[in-house]
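One structure is given here, and the rest of the page talks about it.
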Amino acid sequence: MHRAYQPITPANNKLLKKRWDQRRFDTHRQKVQIAEAVIDNKPPKTYMHLHLKLKKLQMEDERLAIIERDNRILLEKMCYIMKTRGRVDNKNDYEQKSLNKTKRQRELLRVTHENQAIMRRILSKEANYNHVQWEHSWALNKKYLANIAKYPPWYKTAYSPWKSPEPNRRKIRDIDSADELSSIQSHDF
């Protein structure tokens with residue numbers, strides 16, 4: 001069998017060369033078998049206190065014990081009511097009485113009389129300002145504004161960069177401003 005073995009490197013004795021190569025291969029395979037990984041890809045350790053939370057279980061048991069105790073007390077009360085036909089005295093004939101009621105009523109009455117007196121004084125006074133005179137002065141100021149303005153009043157809305165100009169808007173504005181000027185001239189003081 002050793003005669004059929006063809007070594008890669010040249011050798012004088014094929015039998016010995018085959019044993020040496022086989023031993024080298026076996027040691028290589030053993031090293032491969034016992035080699036440890038360089039990268040740790042094992043799952044992390046599982047700690048029991050993270051999975052079995054004893055404090056949570058204890059708190060849950062305490063909560064259930066409180067619920068059981070409350071249920072038992074409630075059941076005992078219901079049994080007592082069933083045995084004694086459930087007579088309960090819940091009548092309350094007490095009427096609430098305020099010690100401060102008369103003072104509050106007097107204070108409310110005083111404030112109401114003061115408010116009525118203020119209202120009478122306000123209504124009896126005549127106005128110091130004449131709104132008709134204000135309207136006439138405003139019309140006169142508009143007339144002066146139209147006389148000294150660089151552009152006509154419709155110019156700002158007609159040639160706005162955000163608005164497309166409307167073709168008949170200028171004529172309508174001219175007619176409105178002409179009517180307005182004629183009404184102002186008729187009210188000159």
Side-chain angles (χ1 to χ4, degrees), residues 21-139 141-142 153-154 156-166 168-169 172-173 176 180:
D21 286 346
Q22 188 64 39
R23 188 179 303 142
R24 189 179 304 123
F25 179 73
D26 291 340
T27 57
H28 166 71
R29 291 306 301 164
Q30 283 178 352
K31 287 179 182 177
V32 168
Q33 288 293 326
I34 63 172
E36 293 182 0
V38 178
I39 299 171
D40 183 19
N41 59 358
K42 292 180 279 190
K45 291 182 180 178
T46 57
Y47 299 103
M48 283 309 294
H49 70 276
L50 296 177
H51 293 290
L52 183 65
K53 297 178 179 161
L54 297 175
K55 185 66 176 177
K56 186 177 179 182
L57 291 173
Q58 179 188 1
M59 290 174 64
E60 184 70 21
D61 288 341
E62 289 174 359
R63 189 179 71 83
L64 290 174
I66 291 171
I67 291 172
E68 286 293 327
R69 183 179 57 88
D70 291 344
N71 285 345
R72 194 186 73 248
I73 292 171
L74 194 62
L75 184 63
E76 289 174 0
K77 287 181 181 177
M78 288 174 65
C79 287
Y80 176 75
I81 291 171
M82 292 296 284
K83 288 177 184 175
T84 59
R85 296 188 181 179
R87 288 183 232 126
V88 181
D89 182 20
N90 59 354
K91 293 181 182 176
N92 189 2
D93 297 330
Y94 177 73
E95 294 179 13
Q96 291 185 349
K97 297 175 186 174
S98 174
L99 300 174
N100 202 17
K101 184 177 179 181
T102 55
K103 184 178 178 185
R104 279 190 290 113
Q105 286 177 344
R106 278 193 308 246
E107 185 68 21
L108 183 65
L109 194 61
R110 183 185 64 79
V111 169
T112 306
H113 285 307
E114 286 179 5
N115 288 344
Q116 287 175 352
I118 292 171
M119 183 65 123
R120 278 195 299 271
R121 282 197 305 255
I122 290 172
L123 293 176
S124 65
K125 277 293 203 184
E126 291 184 14
N128 290 335
Y129 301 110
N130 187 357
H131 67 90
V132 177
Q133 186 180 2
W134 280 4
E135 288 174 4
H136 287 302
S137 66
W138 172 245
N141 283 339
K142 282 175 69 176
W154 51 263
K156 186 175 180 182
T157 56
Y159 294 104
S160 174
W162 296 282
K163 211 179 201 185
S164 62
E166 297 176 10
N168 297 332
R169 192 167 184 106
I172 294 170
R173 295 281 181 162
D176 289 344
E180 195 173 286

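Heads up: numbering here begins at 1 and tracks the sequence. The figures that follow rest on heavy atoms only: side chains count, while hydrogens, waters and symmetry mates do not.
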Show your reasoning for whether side chain to side chain contact (heavy atoms under 4.5 Å, CB included) applies to D61 and Q58. CA-CA 5 Å; D61 288 341; Q58 179 188 1; 5.7 Å; no

Taking salt bridge (Lys or Arg N to Asp or Glu O under 4.0 Å) as the definition, give me every residue that meets it alongside E68, ordered by chain and number, with sequence neighbours left out. none

Counterpart residues, side chain to side chain contact (heavy atoms under 4.5 Å, CB included), relative to E135 (two or more places apart): H131

So, E107 and R104, do they make that salt bridge, N to O below 4.0 Å? no

Would you compute the distance between atom CZ of R120 and atom CD1 of I122 and round it to the nearest 0.5 angstrom? 11.5 Å

Kindly compute the distance separating CG (L57) from CD (E62), expressed to the nearest 0.5 Å. 11.5 Å

Enter the distance from H136:NE2 to Q133:CD here, rounded to the nearest 0.5 Å. 9.0 Å

Kindly compute the distance separating NE2 (H49) from CG (L52), expressed to the nearest 0.5 Å. 11.0 Å

Could you state the interatomic distance from CG (L54) to CE (M59), rounded to the nearest 0.5 Å? 13.0 Å

Where do T112 and L108 come nearest, in terms of heavy atoms and distance? OG1-O, 2.7 Å

Spatial distance of atom CZ (R110) from atom CG (N115) [nearest 0.5 Å]: 9.5 Å

Name every donor-acceptor pair, under 3.5 Å, that has one atom in a side chain of residues 25-44 and the other anywhere in the protein, sequence neighbours excluded.
from	atom 1	to	atom 2	distance (Å)
D26	OD1	Q22	NE2	3.3
T27	OG1	R23	O	3.2
T27	OG1	R24	O	2.8
D40	OD1	K42	N	3.3

